[in-house]
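Worth saying up front: this structure is predicted, and the values here are computed from it rather than measured. Letters A, B, ... are given to chains in the order of the sequence lines, protein chains preceding strands, and every chain is numbered from 1.
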Amino acid sequence: MMLEPRDLIVPAPTPTGETERFWQGCRDGELLLQHCSTCERWVFYPRATCPHCWSDALEWRVASGAGVVRSFTIVHKPGHPGWAAAAPYTVAVIDLAEGPRMLTALVGIAPADVRIGARVVVRFQTVGEFTLPFFAPAAPAAPAAPAAPTAPAQA
Amino acid sequence: MSRMPRPTGAIVGVGELPAVRSTHGKTTLGILAEAAALALADSGLEKGQLDGLLVAPHVGETPQHVPATVAEYLGLTPRMSNVVDLGGASGPGMIWRAAAAINAGMATAVLCVLGNHREPVPSRSPNRNPIREFDVPFGASGANTAYALLKQRHMHDYGTTDAQFASLAAVSRANAQLNPNAIFNGKPADTADILASPMVAEPLHLLEIVMPIAGGDAVIVMGADAAREARLRHAPVYLRGAGEMVTHRAMSQAPSYTTGPLKPAIAQALTQAGVAAVDLDLLSLYDCYTVMLAITIEDAGLCPPGGFADWAHGRDLSHEGDVALNTHGGQLGFGQADLAGGMSHVVEAVHQLRGTATGRQMAEAGLALVTGNGATMSEAVALVLGRDA
Ligand SMILES: [Zn+2]
């Protein structure tokens with residue numbers, strides 16, 4: 001069974017002045033991360049100052065939306081009752097290509113097929129009043145490479 | 001005439017934001033970051049020199065785990081942190097607590113930071129912290145998913161198995177059979193029983209997770225010299241060493257999934273005590289989940305990373321073994337009375353070290369390691385307790 005979050009009635013994000021731009025980006029189909037022009041590192045979750053160097057020279061940039069599964073869990077007994085209708089579903093932490101880590105849930109893949117190290121891409125889905133950055137398996141590799149039946153086990 | 005002891009310290013940097021009637025879109029966390037940056041710039045220190053953190057209880061965005069939430073936001077990994085909850089006296093209260101902590105070797109440079117945002121229209125929810133905003137909306141409410149992520153990564157990196165993790169819960173259950181106060185006393189469970197329990201957040205089974213209970217723990221502390229002279233019913237148990245570290249709040253932001261902040265905390269506690277991990281008689285290790293216990297055994301240096309199962313295999317970890325593990329049953333066998341659960345590891349270590357662990361007393365208990373773990377392998381404290389000072 002694959003996760004279809006669209007019809008869930010679940011806790012929504014709680015935007016602040018620091019994070020509104022991120023959620024607007026999701027609505028526009030863009031994964032926005034902050035980039036620090038002082039230390040040249042990427043920042044997620046959004047902040048008022050860079051956690052690496054405490055500079056406030058943070059600017060929004062469109063991220064690649066690509067990443068790798070750092071770890072995952074198949075949730076059978078959700079911590080919030082609103083998610084019970086979706087169980088079992090896969091919660092994953094993604095190492096984004098730009099560096100930061102992001103927690104998400106995986107769509108477009110059965111829980112049994114998920115592997116640590118699998119390449120994934122952002123797939124925006126609307127839940128209630130918000131558009132959220134879920135992630136899905138990346139498209140199969142270039143035609144030259146043989147298509148793998150499931151995601152690779154190692155990055 | 002004896003001089004009254006006092007903490008000694010110096011203030012080396014200050015920062016203050018301009019007063020405004022209201023803020024628009026700012027968060028308390030962001031305001032703390034702005035003020036902290038001003039103080040750091042004023043001091044001339046590097047951010048990496050800050051190894052202590054004192055905060056006030058901020059109702060702004062986060063009701064719990066305030067130091068970890070602030071530390072994660074600021075990118076700090078303090079080895080001493082605290083909430084100072086003294087109302088309008090909190091600020092000055094921080095100063096001498098910081099000095100006392102520095103005198104005690106807990107930290108060398110302590111950031112004391114307070115702030116307030118003031119929206120024209122107050123926000124509805126008191127809980128608007130990053131973990132609520134960016135993790136909960138994806139179905140990751142509660143700690144189970146976080147620790148399942150840890151176990152999955154441990155199994156992936158080291159090839160450890162479900163049965164190996166379950167065997168740790170079986171040890172706790174076996175020890176709980178000797179503790180009439182434990183919730184699972186009279187309810188033994190072996191590895192097969194643990195593995196047969198329902199899957200909660202794969203790969204975590206129900207019986208790899210602590211059972212919530214009602215209960216309470218209390219401890220009274222004196223100075224070592226005063227304890228020696230006091231009229232006491234039992235021999236005192238001495239604090240020989242301690243260490244502390246906070247590295248993150250949310251599991252998504254944890255620097256590692258196979259080692260945690262207990263590693264440096266335990267190393268510091270052992271160094272202060274002047275002992276090695278192999279010298280310990282009792283391991284009283286925080287065990288909210290089997291995977292937390294596994295990583296702690298590895299972080300204590302009792303075995304190489306990934307080697308907890310080889311270390312535990314065939315070893316008598318009861319009160320009769322050469323090294324005992326969670327003789328009260330651990331929280332996996334005793335139950336977890338919310339935050340009191342962490343103190344149960346202290347209470348059991350005291351009983352063993354002074355010889356009052358009735359029905360499960362170790363023959364030779366001179367040194368114990370006690371660990372505490374908060375949030376999602378975020379907040380760590382290690383103590384070495386000794387029968388001798
Ligand atoms: Zn920076």
Visitor: So which of B:G75, B:G25, B:P137 has the largest heavy-atom pair count under 4.5 angstrom toward chain A?
Guide: B:P137

Visitor: With chain A, which of B:G139, B:G30, B:A33 has the greatest number of heavy-atom pairs at distances under 4.5 Å?
Guide: B:G139

Visitor: For B:D135, is it the side chain, the backbone, both or neither that has a heavy atom under 4.5 Å from a heavy atom of chain A?
Guide: both

Visitor: Which residues in residues 38-50 of chain B have any heavy atom closer than 4.5 Å to a heavy atom of chain A?
Guide: B:L40, B:K47, B:L50

Visitor: Which pairs count as salt bridge (charged side-chain N to carboxylate O under 4.0 Å, His left out) when at least one residue sits in residues 79-101 of chain A, sequence neighbours excluded?
Guide: A:R70-A:D95, A:D95-A:R101

Visitor: Top residue by heavy-atom pair count (under 4.5 Å) with chain A, among B:A37, B:S252, B:A140?
Guide: B:S252

Visitor: Name the option with the most non-hydrogen atom pairs under 4.5 Å to chain B; the candidates are A:A105, A:G79, A:P11.
Guide: A:P11

Visitor: Is a salt bridge present between B:R132 and B:E61, judged by a nitrogen-to-oxygen distance below 4.0 Å?
Guide: no

Visitor: In this structure, are over 12 heavy atoms from other groups packed under 6.0 Å from A:E40 atom CD?
Guide: yes

Visitor: Give the member of B:G142, B:P203, B:A36 that has the highest number of heavy-atom pairs under 4.5 Å with chain A.
Guide: B:A36

Visitor: Do the side-chain N and O atoms of A:E129 and A:W23 include a donor-acceptor pair separated by under 3.5 angstrom?
Guide: no

Visitor: Please examine the side chains of A:C53 and A:C36, heavy atoms only from C-beta on, and report whether any two atoms are closer than 4.5 Å.
Guide: yes

Visitor: Scan side-chain atoms only and decide if B:N129 and B:Y73 contain a donor-acceptor pair under the 3.5 Å cut-off.
Guide: no

Visitor: Pick one of side chain, backbone, both or neither for A:P5, based on which atoms fall under 4.5 Å of a heavy atom in chain B.
Guide: neither

Visitor: May I ask you to check whether B:H205 and B:F165 place their ring centers less than 6.0 Å from one another?
Guide: no

Visitor: What part of B:A254 is in contact with chain A, defined as an atom under 4.5 angstrom from a non-hydrogen atom: side chain, backbone, both or neither?
Guide: backbone

Visitor: Return the minimal non-hydrogen interatomic distance between A:T73 and B:T145, and the atom names on each side.
Guide: CG2-O, 3.7 Å

Visitor: More than 12 non-hydrogen atoms from neighbouring residues, nucleotides or ligands closer than 6.0 Å to CD1 on A:I9, yes or no?
Guide: no

Visitor: Checking A:P78 against chain B: side chain, backbone, both or neither under 4.5 Å from a heavy atom?
Guide: neither

Visitor: Would you please classify the geometry between the A:F22 ring and the A:F44 ring as parallel, tilted or perpendicular, with 30° and 60° separating the classes?
Guide: tilted

Visitor: With only heavy atoms counted, which part of A:H52 is less than 4.5 Å from chain B, the side chain, the backbone, both or neither?
Guide: backbone

Visitor: What part of A:P15 gets closer than 4.5 Å to chain B, counting heavy atoms only: side chain, backbone, both or neither?
Guide: both

Visitor: Picking from A:A12, A:P111, A:P51, which has the most non-hydrogen pairs under 4.5 angstrom with chain B?
Guide: A:P51

Visitor: We want to know whether B:T259 and B:E298 form a side-chain donor-acceptor pair, criterion being a heavy-atom distance below 3.5 angstrom.
Guide: no

Visitor: Checking B:Q253 against B:E72: is there a side-chain donor and acceptor pair closer than 3.5 Å?
Guide: no

Visitor: Heavy-atom pairs under 4.5 Å with chain B are the metric here; pick the option from A:L3, A:I74, A:V91, A:T90 that has the most.
Guide: A:I74

Visitor: So for B:L76, is it side chain, backbone, both, or neither that comes closer than 4.5 Å to the heavy atoms of chain A?
Guide: side chain

Visitor: For the candidates A:V127, A:T19, A:V43, A:T49, which exhibits the highest count of non-hydrogen atom pairs separated by less than 4.5 Å from chain B?
Guide: A:T19

Visitor: Below 30° counts as parallel, above 60° as perpendicular, anything between as tilted: where do the rings of A:Y89 and A:W83 land?
Guide: tilted

